[in-house]
Amino acid sequence: ELIETFDELNETPGVRVIVLTGQGKVFSAGADIKSRASVGKVPGDTYRHLRRTREVANCIMECNKPVIAAVNGPALGAGLGLVIASDIILASDNAFFSLPEIDIGLMGGARHTMRLFPHSLARRMILTGYRVTAAEAYRRGIIEACVPREELLEEAMKIARDIASKSPRALNLAKRAINTVEHMPLRDGYRFEQNLTVEMTKHEDSKEAMRAFLEKRPAVFKDEN
């Protein structure tokens, strides 16, 4: 369902930002251990299940629209993968992040966690299941905010509204840059971004942004896919 939803939002005109949050007290508990007893009884089922799990994170990471994770409670295992796949992360003060796989007979999450968490902390999480509270994650600069739960969505929407005020074309190119240059050498990555700059300057939104800057007024951009 998440894959279908993100694929749909990815191509919906008028959608400029996506806010991902949980319902209830938990953001995402990750794998349902009770249901795993039935996984693997049919040949190939385990790999199909794992592929779906990978693609959920991939559909968020590869989305053309910026994604804000408003983490309203615990984010565990594969649930932490949803957080790390997002572009901007905020959390409520009751939230925490952990990889419990070491204690429940599973593996996974190391590569995603190493993208975001510092070297020693990531390994502590992987090897012990250590829980990183939202307050600690904020103190370490891992997330953008740690706020009371009742203020979380409004904090996320403040950032969402700021992003939504930008040129849709510029946002699309910025996401393309983010998704492409992360694993590129510095020289190649900067060259790729410069090529996107050339592409952007040919678009009407670029001309409108420059006019608005010179005229000291808010820019008015055209919506687009």
Side-chain angles (χ1 to χ4, degrees), residues 1-7 9-10 18-63 67-144 146 149 152 178-179 182-183:
E1 291 175 351
L2 274 171
I3 294 169
E4 291 177 2
T5 298
F6 270 87
D7 286 347
L9 293 174
N10 203 28
I18 299 167
V19 177
L20 177 64
T21 193
Q23 185 177 30
K25 298 180 179 180
V26 176
F27 175 79
S28 175
D32 183 350
I33 302 304
K34 292 180 181 179
S35 72
R36 289 193 68 88
S38 61
V39 175
K41 290 186 176 180
V42 177
D45 191 41
T46 298
Y47 289 100
R48 282 189 289 269
H49 173 76
L50 294 175
R51 185 176 298 109
R52 282 194 299 271
T53 302
R54 290 197 302 272
E55 288 309 313
V56 170
N58 289 340
C59 77
I60 298 172
M61 193 180 307
E62 296 168 2
C63 185
V67 179
I68 299 173
V71 186
N72 60 305
L76 315 176
L80 177 55
L82 304 182
V83 175
I84 295 173
S86 302
D87 296 300
I88 297 172
I89 306 165
L90 300 87
S92 54
D93 53 14
N94 67 308
F96 63 83
F97 310 93
S98 77
L99 295 173
E101 284 87 346
I102 194 74
D103 292 320
I104 55 176
L106 299 173
M107 289 285 111
R111 187 64 193 92
H112 279 76
T113 304
M114 291 164 68
R115 287 185 61 237
L116 186 64
F117 289 80
H119 175 97
S120 180
L121 178 59
R123 283 158 174 75
R124 182 180 181 187
M125 294 170 69
I126 295 161
L127 297 173
T128 71
Y130 176 69
R131 295 181 173 186
V132 180
T133 64
E136 180 180 355
Y138 179 65
R139 176 176 59 82
R140 288 173 173 263
I142 296 169
I143 63 177
E144 288 300 296
C146 172
R149 190 176 173 195
L152 178 63
I178 290 169
N179 288 341
E182 182 177 7
H183 302 293

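As the structure is a computational prediction, the values presented were derived from the model and not from experiment.
Here the OG-CG distance, from S28 to N72, works out to 10.0 Å after rounding to the nearest 0.5 Å. The CG atom of N58 lies 10.5 Å from the CG atom of N179; values are rounded to the nearest 0.5 Å. Here the CZ-NE2 distance, from R52 to H49, works out to 7.0 Å after rounding to the nearest 0.5 Å. Within the model, atoms CZ of R124 and NE2 of H119 stand 14.0 Å from one another, a figure rounded to the nearest 0.5 Å. Note that CE of M61 and CD of E55 are 10.5 Å apart. Values are rounded to the nearest 0.5 Å.
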Identify each donor-acceptor pair in which a side-chain atom of residues 76-87 lies under 3.5 Å from a protein atom, sequence neighbours left out, and give them as a table.
residue	atom	partner	partner atom	Å
S86	OG	L82	O	3.0
D87	OD2	V67	N	2.8
D87	OD2	K175	NZ	3.1

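When the salt bridge (Lys or Arg N to Asp or Glu O under 4.0 Å) test is applied to E136, the partners found at least two apart in sequence or on another chain are R140.
Taking 4.5 Å as the limit, some side-chain heavy atom of L121 sits within range of a side-chain heavy atom of Y130. A heavy-atom distance below 4.5 Å is found between the side chains of I102 and M107. F97 is not listed as a side-chain neighbour of I142, based on a closest heavy-atom distance of 4.5 Å or more.
Looking only at distances, no side-chain donor or acceptor of S92 sits under 3.5 Å from a matching main-chain atom of L152.
Counting only residues at least two apart or in different chains, side chain to side chain donor-acceptor pair (under 3.5 Å) contacts with residues 106-116 comprise R115-E182.
Within a 6.0 Å sphere centred on CZ of R131, other residues, nucleotides and ligands contribute 12 heavy atoms or fewer.
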